[in-house]
Participant: 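After the structure tokens below, expect a handful of questions from me.
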Amino acid sequence: MVLELLVAVVVFALLMTASIGTMLTYSKLPVHHRQDETNTVVRLVANIFVVMTSLVFGLMINSSKNTFAEIDKNVHAFATQIILLDRTLRTYGLEANETRKRLENYVENALSNPVRAPDPLVKSDRTS
């Protein structure tokens, strides 16, 4: 929070300094730099930068939205699969109680510690 506020204040100060500096030095510029054609060219270039920046920000926001939606969809699908597995195991009766208990422990561990860790239910024969 403090860092964001500091960055905002610094950017504001730099923009104010640039604006005041431009106002003070404008009268000292040569005449051909103060003509309407020069002002038009500078405005066009500034507009190009604004449009390109807006386009990049729009693409970045869209990309992050799509990434979030994909992760959300995957989490919901995984949760649905776990629920269906539990219901299927429930139909097997007492023989599946140990497996259901292990599944319950896995879900509790996953919820209490969301850091990605090796899955204790899956025994891997691969060597890394």
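Below, each value reflects all heavy atoms present in this structure, side chains not excepted, and no hydrogens, waters or symmetry copies. Numbers here simply count residues along the sequence, with the first being 1.
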Participant: Would you say Thr40's side chain and Asp36's backbone share a donor-acceptor pair under 3.5 angstrom?
Facilitator: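 Answer holds: yes.
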Participant: In sequence, state the C-alpha distance, the side-chain angles, and the governing distance for Thr67 and Glu70, and then conclude on side chain to side chain contact (heavy atoms under 4.5 Å, CB included).
Facilitator: CA-CA 5 Å; Thr67 302; Glu70 188 67 27; 5.8 Å; no
Participant: Of all heavy-atom pairs between His33 and Leu29, which one has the smallest distance, and what is that distance?
Facilitator: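 It is CB-CB, 4.2 Å.
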Participant: To the nearest 0.5 angstrom, please state how far the OG1 atom of Thr38 sits from the CZ atom of Arg43.
Facilitator: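 It is 11.0 Å, given to the nearest 0.5 Å.
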Participant: Does a side-chain N-to-carboxylate-O contact under 4.0 Å join Glu98 and Lys101?
Facilitator: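 No, this pair does not count.
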Participant: Minimum heavy-atom separation for Asp86 and Arg100, please, with both atom names.
Facilitator: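 Smallest heavy-atom distance, with atoms named: OD1-NE, 2.8 Å.
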Participant: Quick check against the 3.5 Å criterion: does Thr88 have a side-chain atom that pairs as donor or acceptor with the backbone of Leu84?
Facilitator: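 Looks like yes, one N/O pair under 3.5 Å.
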Participant: Locate the shortest heavy-atom distance separating Asn109 from Ser112; write the atom from each residue and the value.
Facilitator: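 Scanning both residues completely, I find the closest heavy atoms to be O-OG, 3.2 Å.
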Participant: Is there a path of hydrophobic side-chain contacts, each under 4.5 Å between heavy atoms, that joins Leu111 and Tyr106?
Facilitator: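 Cluster IDs for Leu111 and Tyr106 match.
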Participant: Do you know which two heavy atoms are closest between Leu103 and Ile82, and how far apart they sit?
Facilitator: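 Leu103 and Ile82 have their closest heavy atoms at CD2-O, 4.1 Å.
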Participant: Of all the heavy-atom pairs spanning Ser64 and Ile61, show the shortest one and how long it is.
Facilitator: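 Closest heavy-atom pair between Ser64 and Ile61: OG-O, 2.9 Å.
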Participant: State the OG1-CD1 distance between Thr53 and Ile48, to the nearest 0.5 angstrom.
Facilitator: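 It is 11.5 Å, given to the nearest 0.5 Å.
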Participant: Say you draw a straight line from CG of Asn113 to CD of Glu108; how long is it, rounded to the nearest 0.5 Å?
Facilitator: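 CD of Glu108 is found 13.5 Å from CG of Asn113.
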Participant: List the residues meeting side chain to side chain donor-acceptor pair (under 3.5 Å) with Asn62, not counting sequence neighbours, and say none if there are none.
Facilitator: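 Asn62 satisfies side chain to side chain donor-acceptor pair (under 3.5 Å) with no residue once adjacent residues are dropped.
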Participant: Let me check something: do Met16 and Val7 share a hydrophobic cluster, defined by ILVMFWY side-chain heavy atoms less than 4.5 Å apart, either directly or through other members?
Facilitator: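 No, Met16 and Val7 fall in different hydrophobic clusters.
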Participant: Should Val107 and Ile83 be regarded as members of a common hydrophobic cluster, given that ILVMFWY residues are connected when their side-chain heavy atoms come within less than 4.5 Å of each other, either directly or indirectly?
Facilitator: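 Val107 does not cluster with Ile83.
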